[in-house]
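Below you'll find the structure, written out as structure tokens, and then a few comments.
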There are 2 protein chains.
Amino acid sequence: MPRHKAPSSVKPTRQPTLTDVAALAGVSTSAVSRTFTPGTSVAKSTRALVLSAAKKLGYRPNAIARTLSTRRSHMIGVVVCYLHNQFYPNVIELLSQLLQARGYHILLFVGNDRGPGDNATDALIHDILQYQVDGILLASTTLSSLVAAHCQAAHIPIVLFNRVASVQSATTVESDNFQGGQLAARLLFERGARRIGFIGGVVDSSTSRDREAGFLSGLSALGLPLFATAYGDYDFDTAKAVAIDMFRRPDPPDAVFVANDHMAFAVMDALRGTLGLRVPEDVQVVGFDNVPQSGWGGYELTTIEQDAERMTHAAVEALLNHIEAGASSPAQRIVTPVRVVERSSTRPAV
Amino acid sequence: MPRHKAPSSVKPTRQPTLTDVAALAGVSTSAVSRTFTPGTSVAKSTRALVLSAAKKLGYRPNAIARTLSTRRSHMIGVVVCYLHNQFYPNVIELLSQLLQARGYHILLFVGNDRGPGDNATDALIHDILQYQVDGILLASTTLSSLVAAHCQAAHIPIVLFNRVASVQSATTVESDNFQGGQLAARLLFERGARRIGFIGGVVDSSTSRDREAGFLSGLSALGLPLFATAYGDYDFDTAKAVAIDMFRRPDPPDAVFVANDHMAFAVMDALRGTLGLRVPEDVQVVGFDNVPQSGWGGYELTTIEQDAERMTHAAVEALLNHIEAGASSPAQRIVTPVRVVERSSTRPAV
DNA sequence: TTGTACGCGTTATCAT
DNA sequence: ATGATAACGCGTACAA
């Protein structure tokens with residue numbers, strides 16, 4: 001087999017570029033570019049030439065170069081603070097599908113730092129901005145205010161997912177946490193509970209605050225006081241610990257509303273395992289969120305369910321509209337409804 | 001306040017570039033570039049000039065442009081087929097930390113398509129290659145062989161995580177699935193089980209196959225036959241269904257080894273909820289994987305635990321070494337040990 | 001419809 | 001140590 005030697009120099013197998021394709025097809029680079037850009041006019045004959053040359057070379061457009069040229073990376077920065085809470089993997093999975101379908105991709109950042117102001121947060125902001133993402137989805141994280149502020153300054157569209165920051169003019173998608181809290185209060189009351197406690201999440205998170213506020217509102221409408229309060233930091237072990245404290249008192253609650261399912265599992269563990277109480281016979285528990293069935297274990301938990309699917313759809317819609325409409329799109333505030341659901345994995349799901 | 005008019009034209013606030021910084025600092029672009037590139041020689045004085053100018057303008061290096069120039073994106077494509085199985089979110093979280101610490105970022109792809117050969121898979125390959133990722137981590141997915149082949153062709157370093165493909169010269173990180181199967185067999189035997197069944201995952205996945213092979217090996221060493229077999233496709237509902245079938249027979253097994261925890265939860269649901277059997281009194285169940293404590297619910301499952309942390313560390317190490325050493329690094333095959341663990345969320349974890 | 005030439009923001013090369 | 005200049009691969013006026 002004869003070795004063809006290229007006129008200039010023998011370059012080691014490198015990715016074929018648009019120029020290579022143009023040369024092989026005997027057309028200009030613009031013709032090739034147009035062939036791979038939908039909505040442009042190319043003659044059928046040249047298009048065929050280009051495509052065959054491209055196939056022969058195994059050509060693939062370089063998204064990075066395109067980004068530099070068009071100033072659109074088609075990457076969305078997704079920031080979550082943890083993935084323990086099974087709510088988020090679920091959201092991310094759907095998110096990935098929706099974005100992929102519209103030609104966008106996920107640059108993932110897990111910012112699991114404790115407390116704001118540490119330098120991991122700064123590094124994260126630094127990194128995410130360097131990569132020229134077209135938009136950012138900020139999913140419930142403690143560091144959202146800081147990140148949001150920086151993104152605003154950089155004119156990057158941002159959607160706050162289940163998190164309200166103090167930043168003006170950022171679009172927000174959240175479930176009706178306040179009403180969820182009210183529902184929880186009414187539900188526990190109707191089931192006969194009278195000494196009702198609350199276990200919150202991260203104290204200064206908007207979700208925990210709103211759920212608590214709604215819960216208080218619901219209780220006071222029923223003429224009930226809040227019997228006990230504690231905060232589990234949205235963390236499994238912390239929630240377990242504070243639950244044990246709360247129920248070891250001489251006069252413990254007969255019910256508790258927990259600010260998310262992740263902690264609710266921990267609370268039920270503490271009640272049944274450590275304290276030997278029966279759930280729901282001795283203590284009733286209501287959670288909040290929407291984790292997939294496989295996460296419910298043997299718990300049979302009553303929960304306030306967020307419409308994760310709707311929230312995700314809304315977030316994608318808002319973000320991409322904002323991106324593709326330039327800066328002309330106004331900030332929205334989208335609130336999705338919640339509902340009471342009783343699920344268990346030992347019975348068919350409702 | 002006087003309006004200064006720039007000599008050329010008034011550009012609407014745009015991201016400051018390296019050139020802008022150079023102009024303001026009164027130095028060349030190279031000086032600026034060097035200032036932001038560690039390990040280069042710049043005079044202290046010019047460095048100071050550049051930094052102050054950069055700070056004044058709010059300059060941030062453009063990672064995309066850098067990628068085009070250096071041919072290193074510092075992005076790692078991570079492909080998973082689903083996030084329901086809580087094992088993967090866990091891995092991704094650690095992965096993110098490790099990569100971030102070494103200056104790399106995650107471009108996430110969720111390829112939850114059923115069966116190979118569909119065009120979603122092709123689109124995924126297409127996308128991931130366009131973005132010039134420096135390497136790919138392929139986490140247990142049915143489409144790995146195809147993806148792996150394409151990446152090999154594109155000379156992109158790739159690590160197969162918990163998945164062995166038919167591709168030569170790809171580095172592999174997996175736990176000792178075979179030995180895990182053996183352990184499961186011995187464990188169930190020691191606990192008195194004699195009619196032992198197996199519920200596998202995706203039939204042609206290497207993890208399921210290896211676990212099954214080890215299990216068979218273990219059983220035959222004990223002189224036991226395999227009492228029943230079924231496949232749950234690594235899916236919650238499917239596993240539930242096949243478990244019900246298996247245990248509704250006139251002479252059901254007295255124990256079952258399930259190829260991962262995700263399905264093991266489903267199986268225990270079926271046994272206790274649908275069939276009214278007691279676990280472990282009537283039926284013993286052993287799972288496989290390593291899902292975080294919060295996912296164990298009230299199950300109190302015995303499982304073969306993978307060392308997820310070690311696997312992730314190994315994967316990152318292998319991938320980055322390969323990337324930074326060019327193509328000179330040979331393909332490795334890393335196998336991490338497993339161990340029997342009994343965990344429950346109603347008792348303190350072991 | 002097609003081709004030419006320049007810009008995108010950065011790094012690398014080679015002088016100085 | 002510093003500066004001019006050419007890549008990097010692609011879009012896109014603008015001209016033909």
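Source: prediction; values computed, not measured. A note on names: the letters A, B, ... follow the listed sequences, proteins ahead of strands, and every chain is numbered from 1.
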* Asked: Quick one: which of C/dG9, D/dG11, D/dG9 gets closest to the side chain of A/T70?
  -> D/dG11

* Structure fact -> Looking only at heavy atoms, the pair that brings B/A139 and B/Y88 closest together is CB-CE2, 4.0 Å

Quick one: label [X] by what it contacts on the DNA or RNA (base, sugar-phosphate, nothing), any heavy atom closer than 4.0 Å.
| X | answer |
| --- | --- |
| A/V32 | nothing |
| A/V42 | sugar-phosphate |
| B/T46 | sugar-phosphate |

Suppose we call a contact any N or O donor and acceptor under 3.5 Å apart; does that hold for the side chain of [X] and the base of [N]?
| X | N | result |
| --- | --- | --- |
| B/T29 | C/dT11 | no |
| A/R60 | D/dG9 | no |
| A/S69 | C/dG7 | yes |
| A/R72 | D/dG11 | no |
| B/S33 | C/dA12 | no |

* Name the residue closer to the 5' end of DNA chain C, choosing between A/S45 and B/L68 according to the nucleotide with the nearest heavy atom. => A/S45

* Structure fact -> 5'-most contact on DNA chain C (nearest-nucleotide basis), B/A65 vs B/R34, goes to B/A65

Can you tell me the distance, in whole Å, between the [atom1] atom of [X] and the [atom2] atom of [N]?
| X | N | atom1 | atom2 | value |
| --- | --- | --- | --- | --- |
| A/I64 | D/dA7 | CD1 | P | 22 Å |
| B/L49 | D/dG3 | CG | P | 10 Å |
| A/Q132 | C/dG9 | CD | C1' | 9 Å |
| A/N62 | D/dG9 | CG | C1' | 6 Å |
| A/Q15 | D/dA7 | CD | P | 20 Å |
| A/L18 | C/dA5 | CG | C1' | 14 Å |
| A/R71 | C/dT10 | CZ | P | 11 Å |
| B/F36 | C/dA12 | CZ | P | 16 Å |

Would you say [X] places a side-chain N or O within less than 4.0 Å of OP1 or OP2 belonging to [N]?
| X | N | result |
| --- | --- | --- |
| A/Y59 | D/dC10 | yes |
| A/T17 | D/dG9 | no |
| B/S41 | D/dA1 | yes |

* A/A318 backbone acceptor or donor facing A/N321 side chain under 3.5 Å -> no

* Asked: How about A/S30 and A/R34: do any of their side-chain heavy atoms sit closer than 4.5 Å?
  -> yes

* Is there a donor-acceptor contact under 3.5 Å linking the side chains of B/H74 and B/D134? -> no

* Strictly by modelled atom types, are B/Q130 and B/H126 linked by a side-chain donor-acceptor pair under 3.5 Å? -> yes

* **Charged N-O contact under 4.0 Å between B/R102 and B/E324** => yes

